Undergrad: 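This is the structure, below, for whatever I ask next.
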Amino acid sequence: MPELDHRDVWVYVEHRGDEVHPVSWELLGVARRLADELGEEAAAVVLGHGARHLAERAFACGADRAYLVDDPVLEPYRAGAHAQVLARLVERHRPGIVLLGATGVGRELAGLVATAVGTGLTADVTELAVDRGRRLLEATRPTFGGKQLATIVCERHRPQMATVRPGVFPAPEPEPGRQGTVIPAEAGVVDPDLVAEVLEVLPADGRVDLERARVVVAGGRGLGEAGNVALLRELAEVLGGVVAGSRPAVEAGWIPREAQVGQTGKVVRPRLYVAVGISGAVQHLVGMQDAEVVVAINRDPDAPIFQVADYGIVGDLRQVVPALTEELRLRLRSLASRGATGGEPVRTGSR
Ligand code: FAD
């Protein structure tokens with residue numbers, strides 16, 4: 001049985017320089033709730049060099065404490081070094097729960113740390129709760145192709161670890177001036193074999209930052225051919241958004257894999273989601289159902305996507321999408337000529 005002195009809910013703050021992945025703030029919001037329910041504290045873990053100010057931001061988002069390891073060996077991010085330092089912190093301070101984003105970095109790091117400290121890990125979680133009586137984290141994730149949800153507990157080992165999908169939980173409203181305690185810690189000797197030499201950092205050129213996009217225009221199998229992706233791009237451009245797709249569109253090679261929305265892709269939470277030639281299978285819906293406004297374009301009036309859409313257009317996408325793009329362009333031009341765009345996407349209607 002786990003020893004009882006493991007307590008507090010930790011969140012690994014994922015960052016590149018000053019840029020923090022939004023999932024870290026989302027998780028601090030969750031950590032605050034879980035810690036309150038358990039009567040414990042929420043803590044951020046900031047590993048990097050010159051990253052103390054991120055600890056202050058973590059306090060504003062709900063952390064009571066921030067473990068800060070400031071060492072050049074931790075910048076830029078290298079999995080081996082971060083894993084070794086995080087595992088040491090866990091062994092020294094014995095948190096009850098450790099949460100990371102289910103991002104490329106978080107998934108890699110969580111597996112390494114869980115193995116190093118000898119505990120379990122629930123990956124790709126979409127719901128988190130606690131059983132206060134048993135002091136157990138209940139981590140829920142889709143299983144069996146999204147047809148069922150499994151709630152997983154880690155009864156015999158500590159800490160209880162989970163990676164959580166970005167975009168599933170809302171980020172807390174920051175509370176400026178909220179105070180917390182910075183706990184500085186040493187990196188210790190990091191195994192030089194784990195510190196790969198970084199030769200060059202390339203920008204994610206042309207890659208879409210789906211999880212942060214305010215407008216997403218997604219295409220499905222209904223696109224029919226690669227050439228029709230250009231219709232999506234033009235619409236996305238006029239709306240100031242990014243292009244994404246369903247799994248068949250990705251598998252056909254029309255849309256890049258990192259832009260897949262859904263159960264085995266990404267979860268998005270944009271203000272506007274335009275689903276073009278997408279039927280609305282449950283595995284797709286789990287990735288976009290939290291969009292503020294959903295517009296569906298489909299030639300089948302009975303397509304399930306219309307059940308979740310705020311606006312539905314029944315028609316052939318090859319006619320509807322260019323017409324919509326053209327209409328939006330005209331409205332943008334007319335707004336611009338009146339000096340009223342302010343760079344915001346044009347609204348075509350309201351609820
Ligand atoms: P379809 O279901 O084939 O729908 C195409 C739609 O286009 C139809 O509604 C049709 O009426 C419409 N259409 C056709 N031609 C036109 C036209 N000219 N104009 C307008 N409309 C047109 N799917 C995902 O998307 N993301 C995932 O992450 C994902 N993960 C999965 C994980 C598992 C374990 C499994 C089993 C499945 C997963 N899937 C996922 C697949 C999912 O079940 C569906 O098969 C998929 O979402 C369907 O994609 P679609 O809507 O593009 O294609």
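Counting convention: from 1, in listed order, for ligands and their atoms alike. Since the model is a prediction, treat every value here as computed from it, not as a measurement.
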Undergrad: With heavy atoms under 4.0 Å as the rule, classify the contact between V261 and ligand 1 as side chain, backbone, both or neither.
TA: backbone
Undergrad: Suppose I only count heavy atoms of T264 and a 4.0 Å limit; which atoms of ligand 1 are within that range?
TA: 27 (C), 28 (O), 29 (C), 30 (N), 31 (C), 32 (C)
Undergrad: Determine, considering heavy atoms only, which of R221, Q319, Q283 sits nearest to atom 42 (C) of ligand 1.
TA: Q283
Undergrad: Does ligand 1 have an atom under 4.0 Å from some heavy atom of G315?
TA: yes
Undergrad: Looking at side-chain heavy atoms only, is the closest gap between V261 and V267 below 4.5 Å?
TA: no
Undergrad: Heavy-atom pairs closer than 4.0 Å: do any link ligand 1 to the side chain of A281, the backbone, both, or neither?
TA: side chain
Undergrad: Taking the side chain as every heavy atom from C-beta outward, state whether T103 and E14 have any pair of such atoms under 4.5 Å apart.
TA: yes
Undergrad: Please classify the P248 to ligand 1 contact at 4.0 Å (heavy-atom distances, strictly less than): side chain, backbone, both or neither.
TA: side chain
Undergrad: Which ligand 1 atoms does D300 reach within 4.0 Å, using its non-hydrogen atoms?
TA: 11 (O)
Undergrad: Using a strict threshold of under 4.0 Å (side-chain N to carboxylate O), is an ion pair present between D5 and R158?
TA: no
Undergrad: So, are D36 and R32 salt-bridged, with charged N and O less than 4.0 Å apart?
TA: yes
Undergrad: Could you tell me which residues satisfy side-chain contact (heavy atoms from CB on, under 4.5 Å) with L285, sequence neighbours excluded, listed by chain and number?
TA: M288, Q289, I305, V308
Undergrad: Could you grab the distance from atom CG of L109 to atom OG1 of T163, nearest 0.5 Å is fine?
TA: 11.0 Å
Undergrad: Using distance alone, determine whether L317 and ligand 1 share an N or O pair under 3.5 Å.
TA: yes
Undergrad: Run down the list G265, G220, G277, S279 and name the one with the heavy atom closest to atom 51 (O) of ligand 1.
TA: S279
Undergrad: Judged on heavy-atom distance to atom 16 (C) of ligand 1, which of S246, G222, G262, A296 sits nearest?
TA: G222
Undergrad: Looking at Q260, which atoms of ligand 1 are within less than 4.0 Å of one of its heavy atoms?
TA: 26 (N), 27 (C), 28 (O), 29 (C)
Undergrad: Any Lys/Arg nitrogen of E327 or R331 sitting under 4.0 Å from an Asp/Glu carboxylate oxygen of the other?
TA: yes
Undergrad: Give a yes or no on this: more than 12 heavy atoms of other residues, nucleotides or ligands lie within 6.0 Å of atom CZ of R132.
TA: no
